[in-house]
Amino acid sequence: MAAASSSDSDSGRAESKEANSKWLDAHYDPVANIHTFSACLVLADLHGDGEHKLVVGDLGPSGQQPRLKVLKGPTVLTESPLPALPAAAATFLMEQHEPQAPALALASGPCVYVYKNLRPYFKFSLPPLPPNPLEQDLWHQAKEMSLPSVPVFLEASGQFDVEFRLAAACRNGNIYILRRDSKHPKYCIELSAQPVGLVRVHKVLVVGSTEDSLHGFTHKGKKLWTVQMPAAILTMNLLDQRSRGLQAVMAGLANGEVRIYRDKALLNIIRAPDAVTSLCFGRYGREENTLIMTTRGGGLIIKILKRTAVFVEAGGEVGPPPAQATKLNVPRKTRLYVDQTLREREAGTAMHRAFQTDLYLLRLRTARAYVQALESSLSPMSMTAREPLKLHAVVQGLGPIFKLTLHLQNPSTARPALGLLICFLYNEALYALPQAFFKVPLLVPGLNYPLETFVESLSDKGISDIIKVLVLREGQSAPLLSAHINMPVSEGLAAA
Amino acid sequence: MGSEMEPLLLAWSYFRRRKFQLCADLCTQMLEKSPYDQEPDSELPVSQAVWILKARALTEMVYVDEIDMDQEGIAEMTLDENAIAQVPRPGTSLKLPGVNQTGGPSQAVRPITQAGRPITGFLRPSTQSGRPGTMEQAIRTPRTAYTARPITSSGRYVRLGTASMLTSPDGPFINLSRLNLTKYSQKPKLAKALFEYIFHHENDVKTALDLAALSTEHSQYKDWWWKVQIGKCYYRLGMYREAEKQFKSALKQQEMVDTFLYLAKVYITLDQPMTALNLFKHGLDKFPGEVTLLCGIARIYEEMNNSSSAAEYYKEVLKQDSTHVEAIACIGSNHFYSDQPEVALRFYRRLLQMGVYNCQLFNNLGLCCFYAQQYDMTLTSFERALSLAENEEETADVWYNLGHIAVGIGDMSLAHQCFRLALVNNNHHAEAYNNLAVLEMRKGHVEQARALLQTASNLAPHMYEPHFNFATVSDKIGDLQRSYVAAQKSEAAFPDHVDTQHLIKQLKQHFAVL
């Protein structure tokens with residue numbers, strides 16, 4: 001099942017793409033057939049022989065046949081079936097005496113199974129409601145914790161040893177922080193989008209959300225920082241490099257990248273051939289600082305962090321954005337332009353005076369034309385505060401019969417328009433309108449009313465004329481609106 | 001009482017002085033004296049000459065130069081059988097607006113027409129064409145009496161033909177049905193005049209084609225002139241490939257500029273701009289510096305959205321002929337839209353010096369003066385433009401530009417009045433609706449603004465401004481659904497618009513958040 005591949009660092013060095021990559025490729029098996037989440041990966045020294053192994057709660061291909069696999073090196077050591085899909089796995093020490101062989105707790109289905117020496121030891125059944133379990137970290141005494149009544153669905157992590165706190169991310173978008181001495185959540189962080197992963201780094205809770213971003217919160221619930229990702233976050237986990245005392249957050253993205261952040265700063269990016277669905281960092285085999293990733297297609301990738309690798313914060317984000325470096329397309333200054341500016345300087349006063357005079361004359365002329373238009377009601381829209389209306393006419397057809405559609409709209413906010421009539425003025429020798437005068441229905445504000453009439457062209461000489469449309473109100477002699485329609489030339493000959 | 005001039009000479013002098021009506025009347029008088037007034041007597045060469053002269057006079061009265069591209073009829077656009085490729089490669093078709101505008105200003109600066117090409121400086125019959133998507137759209141393009149697009153091109157010629165009946169109200173000069181074409185084809189000189197009369201005055205293409213065919217046979221296919229005329233008849237009838245053949249064989253015999261132009265016209269109608277370009281360049285080898293050929297190349301480049309090459313060729317044209325109106329106008333508008341209004345001003349002043357005196361020129365002059373900060377001349381130009389406007393559409397455009405100037409000054413009430421006046425003159429002025437909506441928004445009349453923007457976007461779906469404005473207004477009042485739909489339309493019209501992209505991103509974030 002797992003292809004044999006050496007886990008030497010020599011071949012790893014040959015396989016790594018970049019010379020100065022901080023990671024050595026130890027193993028890459030795209031068909032390892034391991035489908036799991038970060039919550040189901042645990043590195044632990046199960047047998048007490050100093051060699052850590054990887055415990056995988058495997059969902060099986062396409063969700064069938066869930067198994068518990070233990071991997072040593074690149075190969076699967078043991079495999080045992082599980083009764084239901086695993087949801088989370090954790091190791092903890094049950095006894096305080098030597099040798100400290102941790103027990104494995106596996107949450108599967110509605111129960112939590114405790115395995116010791118890879119044999120089922122205890123089985124705890126949780127009450128059926130809520131059905132999903134908590135994920136437990138080291139040194140957890142699960143029996144004493146009472147679940148809050150609030151449904152807790154997503155992962156929880158992080159605790160202080162004496163006065164532990166449990167942070168649980170829930171499906172309703174909130175993070176509840178529970179303390180040891182209370183049975184109910186103490187603090188609640190409300191997120192703006194669904195949480196995808198939760199990791200505790202020192203005293204900061206790092207939450208990944210469906211908005212493709214990472215948020216950092218204090219343990220009291222204050223938001224510290226936000227970092228935007230280029231793609232959706234699939235999984236998150238903690239990177240704890242004990243030798244240097246580094247704690248960072250790893251986030252696996254949908255575009256195949258794994259990004260490592262310490263607080264807000266991006267430390268490193270690893271590119272994987274496929275989208276990474278689970279991450280685990282810790283001691284594997286005899287190597288410290290191994291990163292194990294499983295991909296969406298079921299592959300297994302193991303990378304070893306070089307001993308000499310130091311994470312420096314990448315300074316790629318500082319400095320002005322590249323968009324500021326492009327030059328603006330300013331037109332060349334022509335000689336003519338310069339000459340004209342000279343002219344402006346010399347004759348500035350005269351130009352200004354001429355312009356102002358012209359402006360007054362223009363205003364006068366415009367006002368006259370406007371008054372004339374208002375008086376003859378030529379405008380297609382009426383602006384009186386009581387009766388706003390808008391008219392717009394469209395001609396369709398090739399002739400000799402045309403369809404004239406009038407779009408009437410009442411743009412006021414709350415007043416309907418009542419009692420309106422439409423009348424047409426036309427040259428009777430050229431056009432025949434069967435319906436030259438009709439009533440308009442009540443106009444609800446905001447809606448567009450298309451009113452249709454037919455016009456028949458009577459002439460065969462290929463000339464066209466203007467038809468005037470008037471909107472009238474009962475009792476008033478001047479029309480409210482009018483529109484001029486230039487009728488197109490009729491293509492067909494009128495029936496004689 | 002001096003002695004009278006010989007009537008034929010008088011008639012000829014009228015003809016040369018372009019007094020065609022007088023010439024035709026005089027010829028009619030002379031022909032009445034001869035026994036056969038319908039057909040010339042072959043023994044009397046004078047009556048033949050008179051007959052020819054009259055035919056030519058009547059033709060010249062209605063002569064329309066065939067070389068310029070005609071307006072495509074609606075039927076020809078929607079039922080086109082000549083397109084070679086269903087989806088032509090970019091840069092090889094005139095029907096698709098060019099995807100990459102090489103070096104031209106973006107759509108935010110230079111407005112585009114319905115076809116998707118930037119507005120040109122010179123209005124030719126074909127510049128209004130653009131392939132409408134559906135029959136509905138084709139009919140809906142404003143078909144007033146001024147901008148009427150004919151249903152078919154031959155239909156328009158029938159109308160022109162009937163218009164020519166007005167030149168001879170007492171019956172046609174030559175009764176075509178009684179003509180004996182074979183007899184006339186034996187006499188090449190008579191035949192040529194007769195052909196022109198039939199083709200241009202009577203617009204009877206079939207008869208003309210018969211005559212031309214017989215005459216070509218008679219001249220044993222050696223006369224290039226008849227081949228060109230046959231080609232023209234085929235073109236009118238829509239048989240473009242046969243026309244191409246005729247023109248090519250005419251070119252082989254005798255290379256004339258006109259033949260090049262006709263052949264290029266055929267290629268453009270067949271939507272083969274690259275072939276037409278090659279043909280023009282070949283013609284330029286034979287006739288170096290020929291203005292019409294250079295102009296043809298420049299026009300094709302403009303149609304294909306390659307404004308930098310078009311500008312180059314127009315400059316060449318100007319080197320040869322510094323009075324060429326089309327070149328000056330196109331270069332002027334290019335400069336205006338690339339932020340050099342003072343240079344554009346110089347070009348338009350040249351046009352004024354050449355005697356072009358109409359509303360559009362003064363409108364352009366006014367705009368150039370304003371943007372080049374020569375404020376004293378701005379408003380007088382616009383006043384002149386208003387007084388020269390011939391129809392309401394031009395008036396509407398001038399008022400619209402005045403509205404822009406008012407916005408530039410900061411006088412909002414003046415701007416409002418000007419835009420309303422633009423609408424009064426032209427109820428379908430989409431840009432004026434849009435600008436009026438923006439002014440209403442500033443005053444706070446949101447519903448009015450929305451109604452106006454809806455009208456504007458219905459009238460001109462190819463413009464991105466009404467869609468974007470509608471999206472912004474809807475976003476402000478909280479109608480996010482409509483805002484998103486309108487923003488999509490705006491993006492479809494102008495994909496590079498940064499503000500639209502921002503708006504869409506904002507809306508998407510809003511929709512994604514809890």
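Below, all heavy atoms of this structure are taken into account, side chains as well, without hydrogens, waters or symmetry copies.
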### Task
Determine the option with the most heavy-atom pairs under 4.5 angstrom with chain A, choosing from Leu386(B), Val446(B), Leu345(B), Ile405(B).
Leu386(B)
Please tabulate, one pair per line, all N/O donor-acceptor pairs under 3.5 Å involving side-chain atoms of residues 354-362 of chain A, not counting sequence neighbours.
unit_1    : atom_1 : unit_2    : atom_2 : d
Thr357(A) : OG1    : Arg353(A) : O      : 2.6

### Minimum side-chain heavy-atom gap Gln417(B)-Arg363(A) below 4.5 Å
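A side-chain contact is absent here, since even the closest heavy-atom pair is not under 4.5 Å.
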With a 4.5 angstrom heavy-atom cut-off, is it the side chain or the backbone of [X] that approaches chain B, or both, or neither?
X: Ala393(A); value: backbone
X: Leu447(A); value: neither
X: Ala373(A); value: side chain
X: Glu344(A); value: side chain

### Query
Taking the six-membered ring for Trp, are the ring centroids of Phe454(A) and Phe402(A) within less than 6.0 Å of each other?
no
### Message
Would you say the rings of Phe370(B) and Tyr375(B) are close, in the sense that their centroids are separated by under 6.0 Å?
### Response
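Here the rings of Phe370(B) and Tyr375(B) have centres that are less than 6.0 Å from each other.
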Residue part contacting chain A, namely of [X], when any heavy atom lies under 4.5 Å:
X: Asp411(B); answer: side chain
X: Ala406(B); answer: neither
X: Gln509(B); answer: neither

### Query
Between the main-chain N or O of Val444(A) and the side-chain N or O of Tyr449(A), is there a donor-acceptor pair closer than 3.5 Å?
yes
### Test log, rule side-chain contact (heavy atoms from CB on, under 4.5 Å), inputs Tyr431(A) and Ser457(A)
CA-CA 5 Å; Tyr431(A) 295 108; Ser457(A) 165; 4.0 Å; yes
